[in-house]
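Down below is the structure, laid out as structure tokens.
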Amino acid sequence: QVQLVESGGGLVQAGGSLRLSCAASGRTLSIHSVGWFRQAPGKEREFVGYISQSGATTNYKDSVKGRFTISRDVGKNTVYLHMNSLKPEDTAVYYCAAGGWGATMTSYVYWGQGTQVTVSS
């Protein structure tokens, strides 16, 4: 079992930056690939990005490419979502998930509770 806890969300102005953390407990996160997803009010949850188990492979939703970066710190058992040049349309609850593959949301086994990101214009 892996328990995931997201943190780092908040209110930021457009053009600003945030770093979200996904901390794992229970088992090491390094054995799992990790995905980030988000859900805006009234919309379906969508894929944001993914990092492979080794950290060698990442993939991102087109609209965040060049602005968002995912990294992992094995020693801290944590995965990060670095978000730069934030836009109001990035406003959503952000979730991390582990044990799945790529952008396939239904493949992920473990989910965090989510953290709110609000970008003001």
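Along the sequence shown, the residues carry numbers beginning at 1.
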Residues at least two apart in sequence or cross-chain that pass side-chain hydrogen bond (donor to acceptor under 3.5 Å, both in side chains) with S17, listed by chain then number, are N84
Name all residues meeting the ring pair (Phe, Tyr, Trp, His ring centres under 6.0 Å) criterion together with Y60; count only those two or more places apart in sequence or in a different chain, and write none if there are none.
-> none
Among residues two or more places apart or on two chains, list those pairs meeting disulfide bond (SG atoms under 2.5 Å apart) that have a residue in residues 52-92.
-> none
What residues, two or more places apart in sequence or in another chain, satisfy salt bridge (Lys or Arg N to Asp or Glu O under 4.0 Å) together with K65?
-> D62
Sorted by chain and residue number, the side-chain contact (heavy atoms from CB on, under 4.5 Å) partners of T104 (sequence neighbours excluded) come out as T106, S107
Under the disulfide bond (SG atoms under 2.5 Å apart) rule, what pairs show up with a residue in residues 45-121, not counting sequence neighbours?
-> C22-C96
Sequence neighbours left out, what passes side-chain hydrogen bond (donor to acceptor under 3.5 Å, both in side chains) with R19? Give chain and number order.
-> none
Hydrophobic cluster (4.5 angstrom, side-chain heavy atoms) - remaining members for W111 | F37, F47, Y50, V93, Y95, W101, M105, Y108
side-chain contact (heavy atoms from CB on, under 4.5 Å) against A24, all qualifying residues, sequence neighbours excluded = V2, L4, L29, N77
Across all chains, not counting sequence neighbours, the side-chain hydrogen bond (donor to acceptor under 3.5 Å, both in side chains) partners of S71 are H82
Listed partners of K61 passing salt bridge (Lys or Arg N to Asp or Glu O under 4.0 Å), at least two apart = E46
Could you name each residue pair satisfying ring pair (Phe, Tyr, Trp, His ring centres under 6.0 Å) that touches residues 4-31, not counting sequence neighbours?
-> none
